[in-house]
Amino acid sequence: MAKGELGADKGLVFDIQRWSIHDGPGVRTVVFLKGCPMRCNWCCNPESQNLHNELVFFKDKCIGCHRCVSLCPHGAVTLEDGRQAYNRKICRETCYKEGLNVFPCTKQCYAKAIRAVAELKTVDEVIREVMKDELMYQKSRVGGLTLSGGEASMQDAFAYSLLERAKSLGITTAMETCGIASWEVFEKLLNSLDYLFLDIKLFDNELHKTFMGTGNELVLSNAVEMSKLMDRLQKDFTVRIPVIPTVSSLPDFRNILDFVKGNLSPQTSVEIMPYHRLGRGKYEDLGIEYSLTDLEPCTEESLKPYRELLASYQFKEI
């Protein structure tokens, strides 16, 4: 990636989702930024993880014209049994390194079966999309812009510019974060937020390393500082805890609740995030393996002990 192109004015955006009701209060527009320091096995946005653009291939849309084979200058697209096959290793070593949107094979795909995951967008372009629902934000008084990902703090200069522009237009701001970035980065971003959502995925550090690819020390230390600052700013702070079958356990869940109760502000709210499989199909489109193929989504019965335990702590309601 030509990383130098990313900054306060431009960012790599892989989705803008309007009319969201699950990413903060009211009706919100969610801007998804590329890049994440974690590699959660159950990630529902695998296209968000790398801080560079990449190729997505929808094989069911492919009409077999084979134009992408002749257009690829690196030999990454070949034919296998009459169908296109993409060598992602060659893509990473060539097109991914050449720029943010340099994918010749996408230029003349009439069926839109192959495209770049993300777009390089300016602050103005993103805010224009956000402002399409300005009337709805005004009516609800709480709706607005939510930054998500990936991890928005990986494009912190761009994220800050978006938040500040939204605030200047009277739009409320929220951010969803995994908590891994320097405190200096978060401190700047939090001062531009009305609502903050932090995931604490597992309390056991070794399990966290196994399933997320990194430890949770920074997550927990940042959580304490986030709580202090959001409390001082009198802004809403919510801790989200995912419940993943075969990974999560009631003892670990209790340890997270004990940490929140003992270290964070009484104004902190806590929310359960049940595992779902809505992002599973993306893995094949990206040419990567989904390791939890046999894992079933949570049921209300399986969530019952977690909900009962959470209720017993009497945290602030969301």
Side-chain angles (χ1 to χ4, degrees), residues 1 12-15 17 20 22-23 30 32-62 68 76-78 80-81 83-93 95-96 103 105-106 111-118 148-152 154 176-178 180 199-202 204 206-216 219 240-249 252 272-299 302-303 306:
M1 174 195 345
L12 202 52
V13 179
F14 71 89
D15 197 12
Q17 179 180 300
S20 173
H22 300 295
D23 300 276
V30 187
F32 294 86
L33 302 185
K34 266 277 236 155
C36 185
M38 288 189 182
R39 293 295 180 268
C40 303
N41 290 23
W42 54 83
C43 180
C44 62
N45 289 328
E47 73 275 36
S48 73
Q49 295 179 354
N50 297 313
L51 190 54
H52 59 64
N53 214 341
E54 50 202 310
L55 209 60
V56 59
F57 174 51
F58 305 106
K59 67 178 183 180
D60 292 340
K61 290 185 177 182
C62 179
C68 54
V77 191
T78 57
E80 293 182 6
D81 299 324
R83 301 283 292 186
Q84 282 88 330
Y86 294 86
N87 187 319
R88 309 291 177 144
K89 183 176 185 294
I90 295 177
C91 287
R92 285 193 297 272
E93 294 172 351
C95 289
Y96 293 180
F103 296 107
C105 60
T106 67
K112 305 297 183 186
I114 187 168
R115 64 172 178 81
V117 164
S148 190
E151 172 54 51
M154 286 194 73
E176 299 169 332
T177 178
C178 71
I180 294 188
D199 287 358
I200 300 182
K201 301 174 189 292
L202 288 167
D204 185 289
E206 293 306 312
L207 285 178
H208 202 281
K209 290 177 183 177
T210 298
F211 291 103
M212 267 63 77
T214 183
N216 64 4
V219 178
R240 287 175 165 174
I241 309 173
V243 173
I244 314 297
T246 75
V247 176
S248 303
S249 69
D252 193 85
I272 290 175
M273 300 290 286
Y275 166 74
H276 60 74
R277 297 190 295 187
L278 298 179
R280 186 172 62 171
K282 297 179 180 180
Y283 285 77
E284 183 178 0
D285 298 334
L286 289 163
I288 56 179
E289 182 183 357
Y290 185 65
S291 62
L292 303 179
T293 303
D294 298 327
L295 197 62
E296 293 295 326
C298 295
T299 65
S302 67
L303 289 172
Y306 292 90

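Any value given below was found using the heavy atoms of this structure, including those in side chains, with hydrogens, waters and symmetry copies removed.
Here CZ of R92 is found 8.0 Å from CG of N87. Values are rounded to the nearest 0.5 Å. Residue Y306 holds its OH atom at 8.0 Å from SG of C298, rounded to the nearest 0.5 Å. The structure places OG1 of T293 at 6.5 Å from CZ of R280, a figure rounded to the nearest 0.5 Å.
Nearest heavy-atom pair, C178 versus K201, reported as atom, atom and distance to 0.1 Å: CB-CE, 4.4 Å. Looking at every heavy atom in both residues, N41 comes nearest to T210 through OD1-O, 4.4 Å. Here the closest non-hydrogen pair linking S148 and E176 is OG-OE1, 2.6 Å. Across V77 and Q84, no two heavy atoms sit closer than the pair CG1-CG, 4.1 Å. Of all heavy-atom pairs between H52 and Y96, the closest is CE1-CD1, 3.4 Å. Listed here is the closest heavy atom pair of P37 and T214: O-CG2, 4.4 Å.
Side-chain contact check for K34 and N53: no donor-acceptor pair (N or O, by modelled atom type) lies under 3.5 Å.
The side-chain heavy atoms of M38 and H208, taken from C-beta on, include a pair separated by under 4.5 Å. You'll find the side chain of C91 stays beyond 4.5 Å of the side chain of E54, heavy atoms only. Within the 4.5 Å cutoff, the side chain of R277 has heavy atoms near those of the E296 side chain. Contact annotation: the side chain of L33 never approaches that of M154 to less than 4.5 Å [non-hydrogen atoms, C-beta and beyond]. The shortest side-chain heavy-atom distance between P46 and I288 falls under the 4.5 Å cut-off. In this structure, the side chains of S48 and F32 stay at 4.5 Å or more apart for every pair of heavy atoms. With contacts defined as side-chain heavy-atom distances shorter than 4.5 Å, the pair R115/F58 qualifies.
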Criterion side-chain contact (heavy atoms from CB on, under 4.5 Å) on Y86 and I114, from CA distance to verdict: CA-CA 10 Å; Y86 294 86; I114 187 168; 3.0 Å; yes
Chi angles and distances behind the side-chain contact (heavy atoms from CB on, under 4.5 Å) call for L295, I244: CA-CA 9 Å; L295 197 62; I244 314 297; 4.0 Å; yes
Under the criterion side-chain contact (heavy atoms from CB on, under 4.5 Å), I'd like the reasoning laid out for F103 against C68: C-alpha separation, chi angles, the key distance, then a yes or no. CA-CA 10 Å; F103 296 107; C68 54; over 6 Å; no
The test is side-chain contact (heavy atoms from CB on, under 4.5 Å); show your working for N45 and F14 and say whether it passes. CA-CA 10 Å; N45 289 328; F14 71 89; 4.2 Å; yes
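At distances below 3.5 Å, at least one donor-acceptor pair connects side-chain atoms of N216 with backbone N or O atoms of L202. Looking at H276, its side chain never comes within 3.5 Å of a backbone N or O of P297 through a donor-acceptor pair. The main-chain N or O of D204 is found under 3.5 Å from a side-chain atom of D252 such that the two form a donor-acceptor pair. With hydrogens and angles disregarded, a donor-acceptor distance shorter than 3.5 Å links the side chain of K282 to the backbone of C44.
With respect to K59 and E284, a salt bridge is recorded, a charged nitrogen being found less than 4.0 Å from a carboxylate O.
Classified by interplanar angle (parallel below 30°, tilted 30° to 60°, perpendicular above 60°), the ring pair F211/W42 is tilted.
When each of V117, L286, T106 is checked for a side chain to side chain contact (heavy atoms under 4.5 Å, CB included) with L55, only T106 meets the rule.
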